[in-house]
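For reference, the structure discussed in these notes is given below.
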Amino acid sequence: MTVRLRYAPSPTGHLHIGGARTALFNYLYAKKLGGEYILRIEDTDQARNKENAEVGFMNGFEWLGLNWDEGPRVGGEYGPYSCMERLDIYQTYTDQLLAEGKAFHCYCSAEELEAEREALSAKGETPRYMGKCRNLTAEERSAHEAAGRKASIRFRVPDDQVLKFHDMIRGDIEFESNGIGDYVIVKSDGIPTYNFAVTIDDALMKITHVVRGEEHLSNTPRQLLIYEALGWALPEFAHLPLILNETGKKLSKRDESIVQFIEQYAELGYLPEAINNFLALLGWSPGGEQEIFSMDELIAQFSFERVQKSGAIFDSGKLAWMNGQYIKAAELDRIVDLAIPFLQKAGFIGADYDRAWVSQLVELYKDGMNAVSEIAELSQMFFATDVAYDEAAQAVLSEESAPTVLAAFRDQVQELPDFNADTIKAALKDVQKATGFKGKQLFMPVRVAVTGQEHGRDLNITLSLLGREKVVNRLTQLVQ
RNA sequence: GGCGCGUUGGAGAAGCGGCUUAACUCAUCGCCCUUUCAAGGCGACAUUCACGGGUUCGAAUCCCGUACGCGUCACCA
């Protein structure tokens, strides 16, 4: 039997790193075992569904390369792949549970339920539904109906049962049914709740491994009860550790301490393979010394035995480093393509630009960038009309070697028949011979005078890309 | 509060009873390379695994308790 795994997001927002990581783990395991990876949209929350969220999710997954074998856009024999298109399917099972007495209509209002929860809480007990409408007579039901009350449908949770299941990451887990009140499986608007829909969908779509975040651990016993009531075999479960922010708290979508939406990473010039690599290591580790993994390597090595139980703290510094590794290894042309929009957005280049020149500029900085967006900041002095000298820069320029070196170099540059990295290098050598200054005393004044910065990349190439005119102008301003 | 899960350095983590004088990575700090600047190479960085008991010849690894953290208790997923 081939394995079938799924990622089932609710279309209520943007694809965030937690969702992408859950999807990735599902994908990796499915591919490792030669099975299928399915995308399904869990859109039972009509109030929170967002118009284009589903499209955003799919675009995000396509960008990451997590292609689904079945689901929206691609179809499949177990469709449809979103809950709102499956309402009639749920109806069949709702009717069955009702007919067998495993579910019942509940007419309690939101206010009544709220009061009940508060009362239980006050007594120190688990707030839960105590079964008010569990055994309504036909007369009582008609009375409620006549009064215009809308019914939700609740699952009748059996007393005194121990609900056990095995988790591939956490081992055997038990819950007591007494801690679980009769929960709603169909809302009063006729739409099933997540717990009900997800169970039916997983069973009908022949999902063999349910892999999701730890926040679903306490939902599992509720779902177990449904599998049992409908006579279905249980899938394997795996509950992934939560992703925590740098202060150890669960990542909330409103948390701005870290960048957490996939599209933001795309916009910042992160490479999808870096994101996948980093996400794979969030909670999972192969154990060896390797840090950089291709997708094929991840697929080959992934296993749930090596997923940790404790929360995984999102270390954005390490992600940045990893992205830098991928940028360094990437083809220059690819990075140039990604860099151009940033340069245009900064107003440094227009719609028409010299591709060869931009390409050299990007090449100059490629090995030192952690995100392609950094190109704008890094290369800003190439496009500035005036160079600003901060305190540190001024300190360098007031070194005793500065006036002599700058004047000599300016003169050399003006004489140069050709202005390129090689001739600049030779000119610098000549300045050294003529002035007697070398090393830091020679290079730093030139670097700072022309770029305004003490740090930068290869000086010869930097100057050649800047062009003779800018170099001479900047030097002349200081020599005066 | 009930239930559930966790707790290894500045950070991410490996470790599954002896091979651990606790991998690897990020960050930091040195050194090397480079006449400058980066990148790169090399090295340093937890005598100790939340705390207290216990089991064992032997524990970061197993058991119990305490503390702390997190998740969850919805007609949200």
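In what follows, every chain begins at residue 1, and chains take the letters A, B, ... in the order their sequences are listed.
- Separation of the P atoms belonging to B:A14 and B:C62 is 14 Å when rounded to the nearest angstrom.
- Between A:His216 and A:Tyr194, the gap from one ring centroid to the other is short of 6.0 Å.
- More than 12 heavy atoms of other shown residues, nucleotides or ligands fall within 6.0 angstrom of atom CD in A:Glu297.
- B:C63 sits 15 Å from B:U55 when the P atoms are compared, rounded to a whole Å.
- Across all strands, A:Glu454 comes closer than 4.0 Å only to sugar-phosphate atoms, never to a base (heavy-atom distances).
- Nucleotide B:C45 has no partner under the Watson-Crick or G-U criteria, as no pair reaches both atom distances under 3.5 Å.
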**Report entry** A:Trp284 vs A:Phe25, ring pair (Phe, Tyr, Trp, His ring centres under 6.0 Å): CA-CA, chis, key distance, verdict
**Finding:** CA-CA 9 Å; A:Trp284 171 79; A:Phe25 281 26; 7.3 Å; no
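- In this model, a donor atom of one side chain and an acceptor atom of the other lie less than 3.5 Å apart for A:Ser82 and A:Glu85.
- Each of A:Lys429 and A:Gly368 was matched to the nucleotide of RNA chain B holding its nearest heavy atom; the match closer to the 5' end belongs to A:Lys429.
- Out of B:U36, B:G40, B:A13, the shortest distance to the side chain of A:Gln325 is found at B:G40.
- Remark: the separation of the C1' atoms in B:C45 and B:G10 is 10 Å, to the nearest Å.
- When both pairing distances are held under 3.5 Å, B:A50 makes a Watson-Crick or G-U pair with B:U66.
- B:U20 is unpaired under the criterion used here, namely a Watson-Crick or G-U wobble arrangement in which both key atom distances are under 3.5 Å.
- The same atom, P, is picked in B:A60 and in B:U47; the two are 14 Å apart, to the nearest Å.
- Using a 4.0 Å cut-off between charged side-chain N and carboxylate O, A:Arg40 and A:Glu54 make no salt bridge.
- Residue A:Ser285 has its side chain nearest to B:A13 when only B:G12, B:G15, B:A13 are considered.
- Considering only side-chain N and O atoms, A:Gln308 lies under 4.0 angstrom from the phosphate OP1 or OP2 of B:A14.
- For A:Glu145 and A:Tyr107, the side-chain atoms include at least one donor-acceptor pair closer than 3.5 Å.
- Heavy-atom nearest nucleotides on RNA chain B were determined for A:Asn460 and for A:Glu305, and the one closer to the 5' end corresponds to A:Glu305.
- For the pair A:Leu428 CG and B:U35 P, the interatomic distance rounds to 12 Å; values are reported in whole Å.
- B:G12 and B:A46 have their C1' atoms separated by 15 Å, with the value rounded to a whole Å.
- Using a cutoff of 4.0 Å between basic side-chain nitrogens and carboxylate oxygens, A:Arg117 and A:Glu114 are scored as salt-bridged.
- For the residue pair A:Arg222/A:Ser177, the side-chain donor-acceptor check at 3.5 Å is not satisfied.
- Atom NZ of A:Lys438 and atom C1' of B:U35 are 7 Å apart (whole Å).
- When the C1' atom is used for both B:A77 and B:G17, the distance is 42 Å, rounded to whole Å.
- Pairing partner, B:C73: B:G1, with both Watson-Crick or wobble hydrogen-bond distances short of 3.5 Å.
- Shown here, B:U56 forms no base pair; nothing in the strands shown gives a Watson-Crick or G-U wobble contact with both key distances under 3.5 Å.
- The separation between A:Tyr326 atom OH and B:C26 atom P is 14 Å, rounded to whole Å.
- Within the 4.0 Å cut-off from OP1 or OP2 of B:G15, at least one side-chain nitrogen or oxygen of A:Arg306 is found.
- Between the side chains of A:Tyr81 and A:Asp201, not a single donor N or O lies within less than 3.5 Å of an accepting N or O.
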Find every protein N or O atom lying less than 3.5 Å from an N or O atom of nucleotides 72-77 of chain B, and list the pairs.
{"from": "B:U72", "atom 1": "OP1", "to": "A:Lys250", "atom 2": "NZ", "distance (Å)": "3.2"}
{"from": "B:U72", "atom 1": "O2'", "to": "A:Ser218", "atom 2": "OG", "distance (Å)": "3.0"}
{"from": "B:C73", "atom 1": "O2'", "to": "A:Pro127", "atom 2": "O", "distance (Å)": "2.9"}
{"from": "B:A74", "atom 1": "OP2", "to": "A:Pro127", "atom 2": "O", "distance (Å)": "3.4"}
{"from": "B:C75", "atom 1": "OP2", "to": "A:Arg154", "atom 2": "NH2", "distance (Å)": "3.4"}
{"from": "B:C75", "atom 1": "O2", "to": "A:Ser188", "atom 2": "N", "distance (Å)": "2.7"}
{"from": "B:C75", "atom 1": "O2", "to": "A:Ser188", "atom 2": "OG", "distance (Å)": "2.7"}
{"from": "B:C75", "atom 1": "N3", "to": "A:Ser188", "atom 2": "OG", "distance (Å)": "3.1"}
{"from": "B:C75", "atom 1": "N4", "to": "A:Cys108", "atom 2": "O", "distance (Å)": "2.8"}
{"from": "B:C76", "atom 1": "OP2", "to": "A:Lys187", "atom 2": "NZ", "distance (Å)": "3.2"}
{"from": "B:C76", "atom 1": "O2'", "to": "A:Asp45", "atom 2": "OD2", "distance (Å)": "2.5"}
{"from": "B:C76", "atom 1": "O2'", "to": "A:Arg48", "atom 2": "NH2", "distance (Å)": "3.1"}
{"from": "B:C76", "atom 1": "O2", "to": "A:Arg48", "atom 2": "NH2", "distance (Å)": "3.3"}
{"from": "B:A77", "atom 1": "OP1", "to": "A:Thr44", "atom 2": "OG1", "distance (Å)": "2.7"}
{"from": "B:A77", "atom 1": "OP1", "to": "A:Lys187", "atom 2": "NZ", "distance (Å)": "2.9"}
{"from": "B:A77", "atom 1": "OP2", "to": "A:Tyr194", "atom 2": "N", "distance (Å)": "3.0"}
{"from": "B:A77", "atom 1": "O2'", "to": "A:Ser10", "atom 2": "OG", "distance (Å)": "3.2"}
{"from": "B:A77", "atom 1": "N6", "to": "A:Asn219", "atom 2": "OD1", "distance (Å)": "3.0"}
{"from": "B:A77", "atom 1": "N6", "to": "A:Asn219", "atom 2": "ND2", "distance (Å)": "2.6"}
{"from": "B:A77", "atom 1": "N1", "to": "A:Asn219", "atom 2": "ND2", "distance (Å)": "3.2"}

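- Residue A:Glu114 is classed as having no contact, given no heavy-atom separation below 4.0 Å to the nucleic acid.
- B:U34 is unpaired under the Watson-Crick or G-U wobble criterion, no partner having all donor-acceptor distances under 3.5 Å.
- Comparing B:U56 with B:A74, their P atoms are spaced 46 Å from each other, to the whole Å.
- The distance from atom NZ of A:Lys440 to atom P of B:U36 is 7 Å, rounded to the nearest whole Å.
- A 3.5 Å limit on both hydrogen-bonding distances identifies B:U25 as the Watson-Crick or G-U partner of B:A11.
- Atom P of nucleotide B:C26 and atom CG of A:Asn277 are separated by 13 Å, given to the nearest angstrom.
- Distances shorter than 4.0 Å separate none of the side-chain N or O atoms of A:His455 from OP1 or OP2 on B:C37.
- In this structure, CD1 of A:Ile173 is placed 12 Å from C1' of B:G6, rounded to the nearest angstrom.
- Between the side chains of A:His105 and A:Ser152, no donor-acceptor pair of N or O atoms lies under 3.5 Å.
- Remark: the separation of the P atoms in B:U48 and B:G6 is 26 Å, to the nearest Å.
- At B:U7, none of the side-chain N or O atoms of A:Lys309 fall inside 4.0 Å of OP1 or OP2 (strictly under the cut-off).
- Rounded to a whole Å, the CZ atom of A:Phe175 is 15 Å from the P atom of B:G71.
- The CZ atom of A:Arg447 sits 8 Å away from the C1' atom of B:A38 (whole-angstrom rounding).
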